[in-house]
**Student:** 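The following block contains the structure, expressed as structure tokens.
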Amino acid sequence: MTAALVAGLVAGYGIAVPVGAVGTYLVSLTARTSLRTGACAALGVASADGLYALLAMAGGSALAAALRPVLVPLRWASALVLIALAVLGTVAAVRRYRGHQLATRPDPPPPGPGRAYLGLLGITLLNPTTVVYFAALVLGAGGAGTARPLEQGVFVLAAFAASASWQLLLAGSGALLGRALTGHRGRLATALASSGVMVALAVRMLVAPG
């Protein structure tokens, strides 16, 4: 149970920490509207992360028996996917930092809490990196088919809680912290931190027994 909790928390923070376009919009939306609207938008992002974690768990359970004969190659492939995501994230962050290219799109009229939740939920669901990330974690670990339903639920809830806590931190951080996290150096630092988590998860699944 504790292992599932820790794994879910680490997985949730791994996908949530990098401050990209969604995080930047979340901070600016809160600054332009209210903490209530920002919190709803933050929960929209976390809901998408939790949903993808649930789908990855459910898919892993269904495919576990069929994939058991190729579990070792699958574990290596999943680890390589995580490492590739980490490398791509790092390269993109470094390029943005060196080029000082921040999004400057004009903001639409600020939405209310309900629209903010649905809007950020939809935007995050359209991000394929999220589902690839969770699928690689669950299938690569090889534990989706053997974990009990309660442990799977703990993993999903922990991933949701980790993502929600970070997104709510962004929403409630205020203008000063928002500028620090969404500025050139802040985005680089959070991207590197997330890439480090992904690499650590990849190494962990490679050295895991079985």
**Student:** Identify the heavy atoms of F155 and A53 that sit nearest to each other, and give their distance.
**Tutor:** CE2-CB, 4.3 Å
**Student:** So, for S163 and D49, which heavy atoms are closest and what is the spacing to 0.1 Å?
**Tutor:** OG-OD2, 2.6 Å
**Student:** Work out which heavy atom in A48 is nearest to a heavy atom in L125; give both atom names and the distance.
**Tutor:** CB-CD2, 3.8 Å
**Student:** Rounded to the nearest 0.5 Å, what separates atom OG1 in T2 from atom CD in E151?
**Tutor:** 10.0 Å
**Student:** Using modelled atom types and a 3.5 Å cut-off, is there a donor and acceptor pairing between side-chain atoms of S165 and backbone atoms of A162?
**Tutor:** yes
**Student:** Mind checking whether L118 and L43 sit in one hydrophobic cluster, side chains of I, L, V, M, F, W, Y counted as touching below 4.5 Å?
**Tutor:** yes
**Student:** Provide the closest heavy-atom pair for A86 versus V199 in the form atom of the first, atom of the second, distance.
**Tutor:** CB-CG2, 3.7 Å
**Student:** How far apart are the closest heavy atoms of L5 and A158, and which atoms are they?
**Tutor:** O-CB, 3.5 Å
**Student:** Tell me the closest heavy-atom pair linking L26 and A42, and the distance in Å.
**Tutor:** CD1-N, 3.7 Å
**Student:** Between T124 and Y52, is there a side-chain donor-acceptor contact under 3.5 Å, judged purely by atom types and distance?
**Tutor:** no
**Student:** Is it possible for you to say whether I83 and V91 belong to one hydrophobic cluster, with membership spreading through side-chain heavy-atom contacts below 4.5 Å?
**Tutor:** yes
